[in-house]
Protein chains: 2
Amino acid sequence: MSRGRRKSTAKVSLGYLEMDIMPIVWRHGLVTVKEVFEELYPSRKLAYTTIMTVMRRLAHKGILEVDDSVVPFVYQPKVGSQELAAAVVDEVVDRLLEGSSAPLVLHYLEHGKISSAEQGKIKTLLRGRVKTE
Amino acid sequence: MSRGRRKSTAKVSLGYLEMDIMPIVWRHGLVTVKEVFEELYPSRKLAYTTIMTVMRRLAHKGILEVDDSVVPFVYQPKVGSQELAAAVVDEVVDRLLEGSSAPLVLHYLEHGKISSAEQGKIKTLLRGRVKTE
DNA sequence: CACATAATACTACACACCTAATATATATCA
DNA sequence: TGATATATATTAGGTGTGTAGTATTATGTG
């Protein structure tokens, strides 16, 4: 059945500030600490060095990649948003829901905002599904 | 669009051990520290007092309720698994995916195990959906 | 090149969570 | 009721994350 191992991104655990920074990085693709700092500043009055510390930690975790051959350093994401979100959420699903994602899916279908386009994708997926169980 | 407040369960944040304990509590409904300890022990060789400390913390967070009128104390969940999982995952979705749950839903429809019964529910839901967005 | 400016490195503190040892209180049994 | 077993309370160390100050290094400018 090859339900295979928890794939690549193992041992994922992110703090809230780390999570808040990631979307900015994804939007930019290549980004400096300063750019993240300035984009985040209006909503979160954090020190520049705070952002730097956190971005360094993200790099240390393998979630960001740093090019330190130029100054200021240029950061870029090593994993995509869906991949990372799925990895983080998997930890929760595995623990709280003991692996069954269905309740969560139902929850979001009921309460989340899903565009028509996405509903279409879902229907298509459902048609072609192999019923696992 | 009433992006409204995060409903009841506000400020949800659980550690991994806290999460590992919750399914046991849900299964029992009413449970003592000892029962949780014994059920968890085969897979996690933790001290009895460790479980006690964590369960007390969960109670402090309002996730468990304690009846200390009897000894040993009896704990019970104050929130259901789906509700709690959704609250925790919402934090991640709001941050990493900036609120759009669709990518996650698609991810689980593709990679998660969804029973036929659940697929049926999903289809029904989809049929009756108000297309938001 | 000297100085100002910008960036990075280092250090640190607070709090949450995991873990558990030790101390104290509560039941239970002979 | 005294001893024993059981449970709870207290205390604490280690690590991760949020936050940021200070020190050091690199860059740009006159």
Side-chain angles (χ1 to χ4, degrees), chain A residues 10-25 30-76 84 87-88 91-92 95-96, chain B residues 10-22 24-25 28 30-41 43-76 84 87-88 91-92 94-96:
Chain A
K11 262 309 163 205
V12 211
S13 171
L14 292 191
Y16 285 166
L17 180 52
E18 291 172 336
M19 290 193 211
D20 287 336
I21 283 174
M22 287 309 296
I24 300 176
V25 177
L30 296 175
V31 73
T32 63
V33 170
K34 185 176 189 177
E35 288 167 331
V36 173
F37 167 70
E38 288 175 343
E39 197 168 323
L40 202 55
Y41 196 76
S43 52
R44 316 272 312 261
K45 304 292 190 237
L46 296 171
Y48 176 89
T49 53
T50 297
I51 308 301
M52 173 135 56
T53 301
V54 174
M55 286 178 76
R56 184 205 316 267
R57 283 182 191 156
L58 284 168
H60 187 86
K61 288 185 182 184
I63 290 167
L64 295 184
E65 185 163 29
V66 194
D67 177 359
D68 60 355
S69 70
V70 291
V71 170
F73 296 178
V74 174
Y75 292 76
Q76 68 176 306
L84 186 60
V88 171
E91 295 288 329
V92 179
R95 291 178 155 81
L96 284 186
Chain B
K11 262 309 165 204
V12 210
S13 172
L14 291 191
Y16 285 166
L17 180 52
E18 291 172 336
M19 289 194 214
D20 287 335
I21 284 174
M22 287 309 296
I24 301 177
V25 177
H28 285 254
L30 295 175
V31 73
T32 63
V33 170
K34 184 174 191 179
E35 289 167 330
V36 172
F37 167 71
E38 287 175 345
E39 197 168 324
L40 202 53
Y41 196 77
S43 53
R44 315 272 311 262
K45 305 292 191 234
L46 296 171
Y48 176 89
T49 54
T50 298
I51 308 301
M52 173 135 55
T53 301
V54 174
M55 287 179 75
R56 184 208 313 271
R57 262 207 299 267
L58 284 168
H60 187 85
K61 288 185 181 183
I63 290 169
L64 296 185
E65 184 162 30
V66 195
D67 177 358
D68 61 356
S69 70
V70 291
V71 171
F73 295 177
V74 174
Y75 293 76
Q76 67 176 307
L84 187 60
V88 171
E91 294 288 330
V92 179
D94 282 351
R95 291 179 154 81
L96 284 185

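A, B, ... follow the sequence lines: proteins, then strands. Residue 1 opens every chain.
For A:F73, the side-chain contact (heavy atoms from CB on, under 4.5 Å) partners two or more places apart in sequence, or in a different chain, are A:V66, A:D68, A:V71, A:Y75. Residues satisfying the ring pair (Phe, Tyr, Trp, His ring centres under 6.0 Å) test with B:Y41, not counting sequence neighbours, are B:F37. Every residue was checked against the side-chain hydrogen bond (donor to acceptor under 3.5 Å, both in side chains) condition with B:S43, not counting sequence neighbours, and none meets it.
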Write out a two-atom table: protein N or O, nucleotide N or O from nucleotides 21-30 of chain D, distance below 3.5 Å.
from, atom 1, to, atom 2, distance (Å)
D:dG21, N7, A:T49, OG1, 3.4

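How far CZ of A:R95 is from OH of B:Y16: 5.5 Å, rounded to the nearest 0.5 Å. Note that CG of A:L17 and CG of A:L46 are 6.0 Å apart. Values are rounded to the nearest 0.5 Å.
Atoms OH (A:Y16) and C1' (D:dG18) sit 13 Å apart, rounded to a whole Å. The CE atom of A:M52 sits 13 Å away from the P atom of D:dA20 (whole-angstrom rounding). Spacing between atom OH of A:Y41 and atom P of D:dT19 amounts to 13 Å, rounded to whole angstrom units. Regarding A:L40, its CG atom lies at a distance of 12 Å from the P atom of D:dG18, rounded to whole Å.
Within the 4.5 Å cutoff, no side-chain heavy atoms of A:V36 are placed close to those of A:V54. B:L96 is listed as a side-chain neighbour of A:L84, based on a closest heavy-atom distance under 4.5 Å. Residues A:I21 and A:L14 form no side-chain contact, since every pair of their non-hydrogen atoms from C-beta on lies 4.5 Å or further apart.
A:L14 comes within contact range of no nucleotide atom at all, as no heavy-atom separation falls under 4.0 Å.
Evaluation of the salt bridge (Lys or Arg N to Asp or Glu O under 4.0 Å) test over residues 30-51 of chain A, restricted to residues two or more places apart or in two chains, returns A:D20-A:R44, A:R27-A:E39.
Along DNA chain C, the stretch of nucleotides lying under 4.0 Å from any heavy atom of chain B spans, 5' to 3', C:dC17 to C:dA27.
Non-hydrogen atoms lying under 4.0 Å from DNA chain D are contributed by A:K61, all within residues 59-67 of chain A.
Residue A:T50 places none of its side-chain N or O atoms closer than 4.0 Å to OP1 or OP2 of D:dG18. An OP1 or OP2 oxygen of D:dT19 is reached within less than 4.0 angstrom by a side-chain nitrogen or oxygen of A:R44.
Proximity note for B:Y48 (side chain, C-beta onward) versus D:dA9, D:dT8, D:dT19: the nearest is D:dT8.
Comparing B:F73 and A:R57 by the nucleotide of DNA chain D whose heavy atom lies nearest to each, the residue mapping closer to the 5' end is B:F73.
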Below 3.5 Å, can you tabulate the donor-acceptor pairs from side chains in residues 55-65 of chain A to any protein atom, sequence neighbours excluded?
from, atom 1, to, atom 2, distance (Å)
A:K61, NZ, A:S13, O, 2.8
A:K61, NZ, A:E18, OE1, 2.9
A:K61, NZ, A:E18, OE2, 3.3

